[in-house]
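The structure under discussion appears below in the form of structure tokens.
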Protein chains: 2
Amino acid sequence: MSNFGDLIRIAREEKGLFLRQVAAELDIDQAIISKFERNERKPTKEQVLKFAKFFKIDKETLLVEWLSDKVAYDLQDEKLANKVLKVAEEKLKYNRQSKNI
Amino acid sequence: MSNFGDLIRIAREEKGLFLRQVAAELDIDQAIISKFERNERKPTKEQVLKFAKFFKIDKETLLVEWLSDKVAYDLQDEKLANKVLKVAEEKLKYNRQSKNI
DNA sequence: ATTACATTTGACCAGTTTTGTCAAAACACA
DNA sequence: TGTGTTTTGACAAAACTGGTCAAATGTAAT
């Protein structure tokens, strides 16, 4: 199962770059990027977009990876996770409809 | 579409109680409860359980309502919400399997 | 209109969590 | 061992949460 960290680590290695170089390019401390790659820290949305641009990864792909990591993390200890996801989906559907009246 | 705030407001009104009274009973400031009822603030998990107990609402029902509000809120501006939910579900499934090896 | 009471709002504080910075430690390997 | 990379951990700054309180607003009866 993929995750945000894997995606950016693989992308970096495919380009043969060091953390230091990516750090300089994106203006993010290399220690933080190291932590991103090991899923020890979650990036901000802005940072996700920086990575997508730099590594030419599809923006949506990376955002979905990042957001789903977050949701899965929030629900990891919840026995009710599946119910929660289903209800959340309904709520989002409902909200979209309400908005478009 | 229901939400946490509606559930506890309806429960309170069915019992004919004032915010002040619920506040005293649960030891939560009435201003905060007012905000919960209008979904202006999210309660903590402990508070959710307090409400469930006091109003005799099924614990799971209320927790699902609360957690799904939170997930839906996090994803409300995301066009990718549905993809995210699907991927998050897979991740949770995967994590549970990995744990039980 | 005034009173009495309930609810809502907003400003403020405190505590927690998140994010960024840095240098030292650990690792890899010639 | 020496060189360069990555990881770790301590620390501070910034952002976010949660609680408290009083004033403002809303509501209904007199």
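Residue numbering restarts at 1 for every chain, and letters A, B, ... go by the order of the sequence lines.
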Rounding to a whole Å, what distance do you find between [X]:[atom1] and [N]:[atom2]?
X: K70(B); N: dT17(D); atom1: NZ; atom2: C1'; answer: 11 Å
X: R38(A); N: dT7(D); atom1: CZ; atom2: C1'; answer: 5 Å
X: R20(A); N: dA28(C); atom1: CZ; atom2: C1'; answer: 15 Å
X: D74(B); N: dC16(D); atom1: CG; atom2: P; answer: 13 Å
X: E46(B); N: dT16(C); atom1: CD; atom2: P; answer: 13 Å
X: K45(A); N: dT18(C); atom1: NZ; atom2: P; answer: 19 Å
X: L17(B); N: dC5(C); atom1: CG; atom2: C1'; answer: 16 Å
X: Y73(A); N: dT17(C); atom1: OH; atom2: P; answer: 10 Å

TODO: In plain terms, say whether R12(B) and E25(B) are close enough for a salt bridge, that is, a side-chain N and a carboxylate O under 4.0 Å apart.
DONE: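 The answer is no: the pair does not qualify as a salt bridge.
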Open item on the list: What I want to find out is whether D69(A) reaches K91(B) closely enough, with some N-O distance under 4.0 Å, to be called a salt bridge.
Closed with: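 Salt bridge flag = yes for K91(B) with D69(A).
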Task: Distance below 4.0 Å between R9(B) side-chain N/O and dT8(C) OP1 or OP2 - done: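 Checking dT8(C) against R9(B), a side-chain N or O does come within under 4.0 Å of OP1 or OP2.
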Task: S34(A) vs dT7(D): side-chain N/O to OP1/OP2 distance below 4.0 Å - done: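 Checking dT7(D) against S34(A), a side-chain N or O does come within under 4.0 Å of OP1 or OP2.
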TODO: Flag this pair as yes if the NZ/CZ of K15(B) is under 6.0 angstrom from the six-membered ring centre of F54(B) and inside a 45 degree cone about the axis; otherwise no.
DONE: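 Pair K15(B)/F54(B) counts as cation-pi.
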Task: Distance, nearest 0.5 Å, that separates NZ of K83(A) from OG1 of T61(B) - done: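 Interatomic distance, K83(A) NZ to T61(B) OG1, rounded to 0.5 Å: 7.0 Å.
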- [ ] Please round to the nearest 0.5 Å and tell me the distance separating atom NZ of K79(B) and atom CZ of R96(A).
- [x]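 Going from the NZ atom of K79(B) to the CZ atom of R96(A) covers 11.5 Å.
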Task: Residue pair L62(B) / F55(B), side-chain heavy-atom distance below 4.5 Å - done: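 Not touching, per the 4.5 Å side-chain cut-off.
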Task: Close side-chain approach of K56(A) to K53(A), heavy-atom, < 4.5 Å - done: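 No; the side chains remain at least 4.5 Å from each other.
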Task: the helix from dA1(C)-dT30(D) to dA30(C)-dT1(D): angle between end helix axes, five pairs per end, rounded to 10 degrees - done: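 It comes to 30° between the two terminal axes.
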Task: Short side-chain donor-acceptor distance under 3.5 Å, N3(B) and N39(B) - done: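 Side chains of N39(B) and N3(B): pair found under 3.5 Å.
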Report each atom pair, protein N/O against N/O of nucleotides 19-25 of chain C, whose distance is under 3.5 angstrom.
| from | atom 1 | to | atom 2 | distance (Å) |
| --- | --- | --- | --- | --- |
| dG20(C) | OP1 | Q47(A) | NE2 | 3.3 |
| dG20(C) | OP2 | Q47(A) | NE2 | 3.2 |
| dG20(C) | N7 | R41(A) | NH1 | 2.8 |
| dG20(C) | N7 | R41(A) | NH2 | 3.2 |
| dG20(C) | O6 | R41(A) | NH2 | 3.1 |

- [ ] For residues L26(B) and K50(B), report the shortest heavy-atom separation together with the two atoms involved.
- [x]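 Residues L26(B) and K50(B), closest heavy atoms: O-NZ, 2.8 Å.
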